[in-house]
Amino acid sequence: MHTNGNPIVRVQNLHKWFGLLHVLRGISLEVYPQEVVVIIGRSGSGKSTFLRCLNLLEEPTSGRIEIDGIVVEAANGELLPESRARARDLRLKTGMVFQDFNVFPHKTTLENVIEAPIVVKGVPKEQAVEKARELLRKVGLLDKQDVHPIRLSGGQKQRIAIARALAMEPKVMLFDEPTSALDPELIGEVLAVMKDLALEGTTMIVVTHEMGFAHEVADRVIYMEGGVLVEEGPPDQIFTCPQDPRTRQFLARIIESGRLV
Amino acid sequence: MEVTNAPLSPESDPDLAVGLALVRKARRARLIETAKVGVVWLVLLALLTAGLLQLRFSPQYVFQHADFVLRGVGTTIGVSVVSILIASVLALFGALGRLSRNPIAQGISSFYISVIRGTPLLIQVYFIYLGLPQIGQQLKALGYPQLANVFTLTEIQSGILALSLNYGAYMTEIFRAGLQAVGHGQYEAAAALGMTRWQMLRRIILPQAIRVIIPDVGNQFIAMQKDSALVSLMGVWEITFRANRLARKDSRFIEMLLVAATLYWILTIVSSWLQSRLEKRMAHAYER
């Protein structure tokens with residue numbers, strides 16, 4: 001799927017230090033429009049940190065990030081001054097879905113979705129509501145539009161979070177272990193929504209432990225370990241004949257635990 | 001899997017009657033418990049009254065002059081309400097200053113809190129009532145009459161200023177804790193949606209923090225109603241000032257102090273009741 005012209009995400013030599021911990025050790029990655037990239041790897045490999053650097057929830061220590069023409073650069077543990085001014089522009093290019101949903105508990109389902117378009121983008125309310133209802137229909141929650149999240153299941157909350165991110169019309173969707181906090185019987189409904197998005201041509205970067213999803217939906221799977229991208233390729237290649245011994249070891253352990261479908 | 005409040009019915013559980021009987025029994029036990037405590041209160045009040053009557057306490061004097069003190073209740077409530085509102089604003093900015101990474105904001109906030117918490121309220125009251133006019137006079141002498149007017153406050157303004165400044169400093173901790181009680185994920189979600197810090201605070205963080213803050217502010221308000229007695233020193237005609245005035249005139253100290261104390265007590269009981277109702281209502285705010 002590298003046929004869609006120029007990359008929409010371009011990361012060059014990204015480093016992140018937490019104190020003396022070198023979490024990201026020079027990551028470079030290009031993601032093309034409409035591509036679904038799934039990052040796998042054990043916990044502590046830096047995959048979540050990498051994703052969180054892409055919208056500057058974590059500030060990279062050094063390196064360059066470009067998303068849809070917005071460039072942000074860091075050096076010596078600081079964003080360059082002109083990059084700092086562009087931080088919000090970069091965030092507006094991305095939509096993020098968190099492991100813990102982070103829906104706004106004081107707002108109803110609909111209010112969660114219309115909040116940012118109205119407050120951040122200044123979209124007129126009727127227009128925001130119309131768009132939000134369309135998104136809620138897409139994630140199957142239109143009937144819950146006036147309900148507060150406390151009355152909803154984890155799967156429903158996560159689907160609100162997805163609709164909330166989509167309402168800002170981001171160029172790239174970032175999913176940070178979106179199903180890891182869910183009860184097993186609720187994982188399917190969230191993955192189904194994500195699969196629909198992928199089929200519609202949404203550009204997505206997904207960090208997940210759901211190997212079945214990676215195999216079925218990803219255009220490209222990346223194995224990450226120790227803060228570097230160890231190996232990448234089409235899912236069939238990564239899951240059936242991984243080249244790097246570290247990838248093989250990781251997948252062997254996954255198969256052992258019965259999580260690879 | 002949705003969280004539902006399905007109505008209970010004998011069909012859903014044939015043993016429902018057992019549960020209902022248990023609940024009724026527990027409720028009756030609690031009522032009896034409360035009644036017993038009430039009886040102890042009545043006995044204590046009766047003993048106190050009997051003791052006072054032994055001491056040639058004059059109920060007639062109390063009945064004749066209570067309404068003079070009663071007219072101060074409005075002032076006490078007014079001063080307290082205005083002060084708690086101003087104090088809340090100060091506390092919010094104090095908390096934002098403490099949590100800010102800006103050294104000027106942090107410095108102003110921590111200096112304010114340190115000075116106010118490090119000095120007695122009584123000194124602050126005297127400073128504002130007696131010290132500020134002195135500054136005003138000096139400014140006038142230096143040829144700044146407009147500036148001098150700013151420092152010349154009425155009794156009520158002085159009282160409100162003293163209580164607001166004092167409580168604002170103490171309540172900063174309450175607001176800080178409230179802001180920090182909102183999960184980190186909420187800040188991140190708002191930031192990821194592109195909100196500015198101010199939008200985040202106003203739309204996402206404060207509305208959630210308020211739920212944590214309100215009960216504590218209620219406690220502060222209840223405490224402030226009593227501390228407002230200190231502004232009687234400034235000549236504000238509130239409960240304590242009025243009681244004291246009559247007591248001195250007629251040498252009826254016990255009578256008038258009792259009237260004042262009782263009024264504060266009733267105010268406290270009513271405020272506590274209002275507060276517990278408010279808390280219950282807020283606990284349900286996110287449901288349905």
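The main-chain N or O of B:A192 is never found under 3.5 Å from a side-chain atom of A:R91 such that the two would form a donor-acceptor pair. B:Q199 places a side-chain N or O within donor-acceptor distance of the main-chain N or O of A:V119, the cut-off being under 3.5 Å. Side-chain N or O atoms of A:H106 include one that pairs as donor or acceptor with a backbone N or O of B:R203 at under 3.5 Å.
When heavy atoms are compared at a cutoff of 4.5 Å, A:V103 approaches chain B solely by way of its backbone atoms N, CA, C and O. Both the backbone and the side chain of A:R164 come within contact range of chain B, with heavy atoms under 4.5 Å apart. Looking at A:F104, the atoms closer than 4.5 Å to chain B (heavy atoms on both sides) sit in the backbone and in the side chain alike.
Counting non-hydrogen atoms of neighbouring residues, nucleotides and ligands closer than 6.0 angstrom, the CD atom of A:E130 reaches no more than 12 such neighbours. Annotation: A:F18, atom CZ; neighbour count of heavy atoms from other residues, nucleotides and ligands within 6.0 Å is above 12. Counted within 6.0 Å of CD1 on B:I104, heavy atoms from surrounding residues, nucleotides or ligands total 12 or fewer; the atom is thus considered open. By the 6.0 Å contact criterion, NZ on A:K171 is open, its count of non-hydrogen atoms from other residues, nucleotides or ligands being 12 or less. The 12-atom threshold is exceeded at CG of A:D143, counting heavy atoms of other residues, nucleotides or ligands nearer than 6.0 Å. Within a 6.0 Å radius of CZ in B:F93, other residues, nucleotides and ligands contribute 12 heavy atoms or fewer. Under a cut-off of 6.0 angstrom, the local environment of CD in A:E78 is sparse, with at most 12 non-hydrogen atoms contributed by other residues, nucleotides or ligands.
Using a 4.5 Å heavy-atom cut-off against chain B, the contacting residues of residues 54-66 of chain A are A:N55, A:L57.
A distance of 10.5 Å separates NZ of A:K121 from CG of B:L193, quoted to the nearest 0.5 Å. From B:Q186, atom CD reaches atom CG of A:D100 across 10.5 Å, with rounding to the nearest 0.5 Å.
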Go through the steps for B:M195 and A:E115 under the test side chain to side chain contact (heavy atoms under 4.5 Å, CB included), then give the verdict.
-> CA-CA 10 Å; B:M195 291 194 185; A:E115 174 70 15; 3.6 Å; yes

Before giving the answer on side chain to side chain contact (heavy atoms under 4.5 Å, CB included), spell out for A:K107 and B:I204 the whole-Å C-alpha distance, their side-chain angles and the decisive distance to 0.1 Å.
-> CA-CA 9 Å; A:K107 296 188 177 294; B:I204 306 302; 4.2 Å; yes

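Counting heavy-atom pairs under 4.5 Å between each of B:H184, B:R202, B:E188 and chain A puts B:E188 at the top.
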